[in-house]
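Lettering of chains follows the sequences in order, A, B, ..., and the numbering in each one begins at 1. Just the heavy atoms: all of them, side chains too, but no hydrogens, waters or symmetry mates, feed the values below.
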There are 2 protein chains.
Amino acid sequence: MRLPLTSETLEDHCYRELRQMILGGHLVSGEKLVQEDLAVRLGVSRTPLRSAIARLERENFIKLTTRGEAFVAEFGPRQIADVFEMRAVLEGLTCRLLAPTIERKHILYLRSLMASVKPAVEGDDRDVYRDADVEFHTYLTNLVTDHPLGRMLESLHLIMAMSLAQGLLRAPEETFGEHIQIIDALEAGDPDVAERAMIDHIRRTIAILRQRTDAGEPPPA
Amino acid sequence: MRLPLTSETLEDHCYRELRQMILGGHLVSGEKLVQEDLAVRLGVSRTPLRSAIARLERENFIKLTTRGEAFVAEFGPRQIADVFEMRAVLEGLTCRLLAPTIERKHILYLRSLMASVKPAVEGDDRDVYRDADVEFHTYLTNLVTDHPLGRMLESLHLIMAMSLAQGLLRAPEETFGEHIQIIDALEAGDPDVAERAMIDHIRRTIAILRQRTDAGEPPPA
DNA sequence: TTCGCGTTCACTGTATACGGTGAATCCTGA
DNA sequence: TCAGGATTCACCGTATACAGTGAACGCGAA
């Protein structure tokens, strides 16, 4: 048994490791997760591994059959759109809650973040912009402390990161302006406007995803 | 070891049992959950019990210390309001998704449900009305299948049931009309109106809860 | 009495052993 | 050759054993 060099639990370790394996494509969609194999691969016993799997299942990264077999979930445009649907309203709520009291320094950070990727927008450097996009949403989420909302959004963000790993869904010049609008609304301290701006922002992306679903486009495998 | 009389897993059993113990007040807020004690009390080993605890923790019924000790979460007006905040937007989303395609029979059921409690509203029979209230929201949630939204709302509904166990937060004559409005919007098939009706409905309750929080009213203990 | 320190103990995380069950495989008879 | 049934096997849920770690408690010194 491995000594706990860090104070982190082995379950946490497995959780993050598995997540990374899914994100990094080392575990592909639909692949079966055999507990014993994975356990030796991660150097732990089945006990903490099982906990990690259960957690990932609740976060929709893993599907279980009635008999307990675990498979990596499939992420097509449909599934991503479903998750984004929840993200839209929950991140909208985030903005609503933040607007009245958000501190100036956070506004400044968000502005500087967007300013720093302006060249990427103009040069259409999508990799750079994508990271900023994720950071923008993650940063906002992390500002809501002492509220169960934060934890709920964590797992959804991962799915966002995953979907973006395959490339941006909308052009930077489009979403850039929307981010600015959100920041403006937060700075103005208007909960309704801020909430609406965020919801509309994400729902425009959902529209794209739904188009792909309707077109029957399969996940890029 | 108990034989699996039902196909249900022991973890599921523990989960429901614990939930019920919390709801029923057999486990009170702030009480520590000692794994071994609970295990013998439920007639199982610690293994499935631990899974159940982990699950309840993710659903905010149980808080864990850094060292893994589990305590029953505290549910004051503040915590309930926080959860209701998420319920508002997620159930709003439920209505938005349902509106375009909801079947007539479901509309009819909801109408008959409300009609059946009309006397309770007029007679101010709050116990009867409360059950119908929970049923109204639960029924709608269950209509959304094939979407992660349903599972996400499950745990939140439990907290609603819990808060209502202590009595209604608003007068039936107030919420009754709002329920009707929601049904009307669903029947009309208008996603925006249906979403807004649900959100407003729940947010009015949140306002009440926030008043109690501001007044510093402690949980009834 | 009170503070400090060591010992004990309770309780957790983790490993491992065990029994059961569905699926795959192989054998047998037509 | 092919269908059907028995047997094996792989894998999961659960129980239990073990080791580590704070916290509580008691004891001795100031």
Side-chain angles (χ1 to χ4, degrees), chain A residues 1-22 26-73, chain B residues 1-22 26-73:
Chain A
M1 172 180 169
R2 200 129 116 232
L3 285 184
L5 297 178
T6 83
S7 73
E8 146 184 285
T9 237
L10 283 189
E11 180 205 316
D12 291 345
H13 173 74
C14 292
Y15 170 75
R16 275 219 297 284
E17 206 67 26
L18 280 179
R19 236 177 43 174
Q20 210 49 44
M21 286 168 96
I22 295 175
H26 294 86
L27 289 174
V28 298
S29 263
E31 183 168 351
K32 180 172 179 184
L33 300 181
V34 178
Q35 296 178 2
E36 195 156 331
D37 294 354
L38 267 180
V40 299
R41 208 156 134 193
L42 295 180
V44 300
S45 80
R46 279 176 52 214
T47 310
L49 176 69
R50 278 176 60 81
S51 309
I53 289 179
R55 187 160 157 204
L56 286 161
E57 190 271 338
R58 279 202 56 75
E59 294 177 354
N60 298 306
F61 283 94
I62 284 177
K63 295 283 176 209
L64 293 181
T65 69
T66 50
R67 271 188 40 250
E69 295 157 304
F71 294 85
V72 179
Chain B
M1 172 179 168
R2 201 131 117 231
L3 285 183
L5 298 177
T6 83
S7 72
E8 147 184 285
T9 237
L10 284 189
E11 179 205 315
D12 290 346
H13 173 73
C14 292
Y15 170 75
R16 275 218 296 284
E17 206 69 25
L18 280 180
R19 236 177 44 174
Q20 210 50 43
M21 287 166 99
I22 295 176
H26 294 87
L27 288 174
V28 299
S29 265
E31 183 168 350
K32 180 172 178 185
L33 301 180
V34 178
Q35 295 178 3
E36 195 155 335
D37 295 355
L38 267 179
V40 301
R41 207 156 135 195
L42 295 179
V44 300
S45 79
R46 280 175 52 213
T47 310
L49 175 69
R50 279 175 60 83
S51 308
I53 289 179
R55 188 164 160 198
L56 286 162
E57 189 270 339
R58 270 171 259 136
E59 294 177 355
N60 299 305
F61 284 93
I62 285 177
K63 295 281 175 211
L64 294 182
T65 69
T66 50
R67 270 191 39 250
E69 296 158 303
F71 295 84
V72 179

Rounded interatomic separation in angstrom, taking [atom1] from [X] and [atom2] from [N]:
X	N	atom1	atom2	value
A:R46	D:dA10	CZ	P	15 Å
A:E8	D:dT21	CD	C1'	18 Å
B:L10	D:dT16	CG	P	12 Å
B:L42	D:dG13	CG	P	19 Å
A:I53	D:dC12	CD1	C1'	11 Å
A:R50	C:dT16	CZ	P	16 Å

Checking salt bridge (Lys or Arg N to Asp or Glu O under 4.0 Å) for the pair A:E8/A:R16: CA distance, chi angles, key distance, verdict? CA-CA 11 Å; A:E8 146 184 285; A:R16 275 219 297 284; 2.5 Å; yes

Show the nearest heavy-atom pair for residues A:E57 and A:L64, with the distance to one decimal. CG-CG, 3.5 Å

Near DNA chain D, which residues from residues 27-39 of chain B have a heavy atom under 4.0 Å away?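 Nucleic-acid contacts, sorted: none.
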
C:dT16 base to A:T47 side chain: any donor-acceptor pair below 3.5 Å? yes

Check: D:dG20 base within 3.5 Å donor-acceptor of B:R67 side chain: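 Such a pair does not exist between side chain and base.
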
For the residue pair A:D12 and A:R55, establish whether any side-chain heavy-atom pair is separated by less than 4.5 Å. yes

Mapping A:E69 and A:P48 to their closest nucleotides on DNA chain C, which lands nearer the 5' end? A:P48

